2 protein chains.
Amino acid sequence: MKLTEAKAQFIASWGAFGSHWGINRTMAQIHALLMISPDPLTQDDIMEQLNISRGNVNMNIRELIDWALVDRVIVPGERKEYFSAEKDIWKVARLIVKERKKRELDPMLKLLDQLREVEGDKKDKNVKQFTDTVNGIKRFGEQADKMLEVLVKSDESWFIGSLMKFFK
Amino acid sequence: MKLTEAKAQFIASWGAFGSHWGINRTMAQIHALLMISPDPLTQDDIMEQLNISRGNVNMNIRELIDWALVDRVIVPGERKEYFSAEKDIWKVARLIVKERKKRELDPMLKLLDQLREVEGDKKDKNVKQFTDTVNGIKRFGEQADKMLEVLVKSDESWFIGSLMKFFK
DNA sequence: TAACTTTTTCAATCAATTTTGAAATTTCAG
DNA sequence: CTGAAATTTCAAAATTGATTGAAAAAGTTA
């Protein structure tokens, strides 16, 4: 397979993959393009290579910078801004987990806490099933939260090393 | 908080939460409703409680059954079909991981395998960055795959127990 | 400061996904 | 069988989310 074709495939799949994981298609494609580019790119490079508009590139680049997946790079003597992606996939995973935990898991756990205090007769099976379900999810969520926290804070070698042993 | 209000909030949030996790909003809401219902419900019950059309309920219920998150229940002496959700949240998590691993991770790993064999000069920095990136993601994906496999196969007590110890 | 380049914004448009609802099909009791 | 009840299908409509592009703002140089 030729590099050009391989690149196109990689970018397309990373985009599709990302869109299942809470990252929008274009944002993931830009990230993919930057991950396989040895040098930083400008907005115009990205527009051209992905065939998307300037506004689109700009918004999604900003979002990627928010997630800390992409950095602005200053190239001395150049007027334009350049961008480069975090290429260490473990770091990428940690950044994504960190961001999604903050945006989704934490608010959900907070809500579940409130919902546990529903008023009503404990003997009513509707109340019972509701609180049982909410409590179950809360406990599960707390476990997940703890694990993810460790993952986010870990460095690869330690994490992989320990886990490899753990899972035999 | 009243039960009615709490239910509405739970269903709405579970729907929003699910939509970030590859499960469509309505599908997640139906699942939420069934999780907090002590008894199985009919399509009409679901239509009424969530204010959605018959066709919508039907399609999403079928999808939930595909995922094994919901079962058809036969109520003796009743013509209508009843549905009930898996309520053990650990089992729910395992079913979701299993399905998404099959649908997303496995195909991605297969693609990455192909992309590793891109032809071209290893000295070309474009080729080098491409293969380095693809290889990195492949190795990471393989690790993730192994872990998830263990998770999918595990039973809760063992998994939680071991992990609790592991993460102190 | 003025002239020019680059970045950002956002209303309008476009695309993709979801939802509806009525018709077709299936199921089943009598 | 028959006919009413229940389920399924799917084209069209509605909704939601993504993208464009031109205008405004910000930044740079001389």
Side-chain angles (χ1 to χ4, degrees), chain A residues 11-34 40-67 70-84 100 103-104, chain B residues 11-34 40-67 70-84 100 103-104:
Chain A
I11 290 167
S13 325
W14 197 250
F17 197 68
S19 70
H20 290 288
W21 287 90
I23 284 150
N24 108 4
R25 179 178 247 69
T26 304
M27 187 173 152
Q29 288 183 346
I30 294 175
H31 184 236
L33 173 62
L34 290 175
L41 302 180
T42 63
Q43 289 201 1
D44 292 84
D45 295 332
I46 297 168
M47 282 170 67
E48 195 184 320
Q49 294 211 42
L50 301 182
N51 267 296
I52 57 181
S53 71
R54 183 176 302 287
N56 201 0
V57 171
N58 190 274
M59 288 175 121
N60 284 107
I61 275 279
R62 233 169 348 103
E63 190 74 3
L64 283 164
I65 291 173
D66 272 359
W67 286 61
V70 164
D71 283 325
R72 276 176 224 274
V73 174
I74 308 294
V75 174
E78 282 275 10
R79 180 87 169 264
K80 286 189 178 179
E81 287 182 325
Y82 282 76
F83 301 95
S84 91
R100 300 198 63 194
R103 292 179 189 213
E104 295 158 33
Chain B
I11 290 167
S13 324
W14 197 250
F17 198 67
S19 69
H20 290 288
W21 287 90
I23 284 149
N24 106 7
R25 178 179 247 68
T26 304
M27 187 174 153
Q29 288 183 347
I30 294 175
H31 184 236
L33 173 62
L34 289 174
L41 302 180
T42 64
Q43 289 201 0
D44 292 84
D45 295 332
I46 298 168
M47 282 169 67
E48 196 183 318
Q49 294 211 40
L50 301 182
N51 269 295
I52 56 181
S53 72
R54 182 175 303 286
N56 200 1
V57 171
N58 190 274
M59 289 174 121
N60 284 107
I61 276 279
R62 236 169 346 102
E63 189 75 5
L64 283 164
I65 291 173
D66 272 359
W67 286 61
V70 164
D71 283 326
R72 276 174 224 275
V73 174
I74 309 294
V75 175
E78 283 275 10
R79 179 85 171 268
K80 287 189 177 179
E81 289 182 324
Y82 283 76
F83 301 95
S84 90
R100 302 199 62 194
R103 293 179 188 212
E104 295 157 33

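The chains referred to below are lettered A, B, ... by the order of the sequence lines, with proteins before strands, and numbering in each begins at 1. Note that the structure is predicted; figures quoted are calculated from it, not measured.
- Between the CG atom of A:N60 and the P atom of C:dT8 there is a distance of 13 Å, rounded to whole Å.
- Picking from C:dT20, C:dT9, C:dT7 the nucleotide with the shortest atom distance to the side chain of B:N56 gives C:dT20.
- Cation-pi geometry between A:R100 and A:W21 is not met: the NZ or CZ atom fails to fall both under 6.0 Å from the ring centre and inside 45° of the normal.
- Between B:K80 atom NZ and C:dA29 atom C1' there is a gap of 16 Å when expressed in whole angstrom units.
- With B:I30 as the fixed residue, the side-chain contact (heavy atoms from CB on, under 4.5 Å) test singles out one of B:V70, B:I52, B:I11: B:I52.
- Here C:dG21 is the nucleotide among C:dT9, C:dG21, C:dT7 with the atom lying nearest to any side-chain atom of B:S53.
- Look at CZ on B:R72: it is 11 Å from P on C:dT27, rounded to the nearest Å.
- In this structure, A:E81 atom CD and D:dA25 atom C1' are separated by 14 Å, rounded to whole Å.
- In this structure, A:N58 places its CG atom 14 Å from P of C:dT6, rounding to the nearest Å.
- We find that CG of B:D44 is positioned 7 Å from P of D:dT7, with the value rounded to whole Å.
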Please evaluate residues A:D44 and A:R54 with respect to the criterion side chain to side chain contact (heavy atoms under 4.5 Å, CB included), reporting the C-alpha separation (whole Å), side-chain torsions for both, the decisive distance (0.1 Å), and the verdict.
CA-CA 7 Å; A:D44 292 84; A:R54 183 176 302 287; 3.1 Å; yes
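- Under the 4.5 Å side-chain criterion, counting only non-hydrogen atoms from C-beta, A:F83 is not in contact with A:L64.
- At distances below 3.5 Å, not a single donor-acceptor pair connects side-chain atoms of B:R72 with backbone N or O atoms of B:I65.
- Between the CG atom of B:N24 and the P atom of C:dT18 there is a distance of 5 Å, given to the nearest Å.
- Among the protein residues, A:R25 comes within range of no part of the nucleic acid, since none of its heavy atoms lies under 4.0 Å from any strand.
- Here C:dT13 presents its P atom at 22 Å from CD1 of A:I52, a figure rounded to the nearest Å.
- Backbone-only engagement by B:T26 is indicated by non-hydrogen atom pairs under 4.0 Å involving sugar-phosphate atoms exclusively.
- Looking at which nucleotide of DNA chain D each of B:R54 and B:M59 is closest to, the 5′-most match is held by B:R54.
- For D:dT7, neither phosphate oxygen OP1 nor OP2 lies less than 4.0 angstrom from any side-chain nitrogen or oxygen of B:R79.
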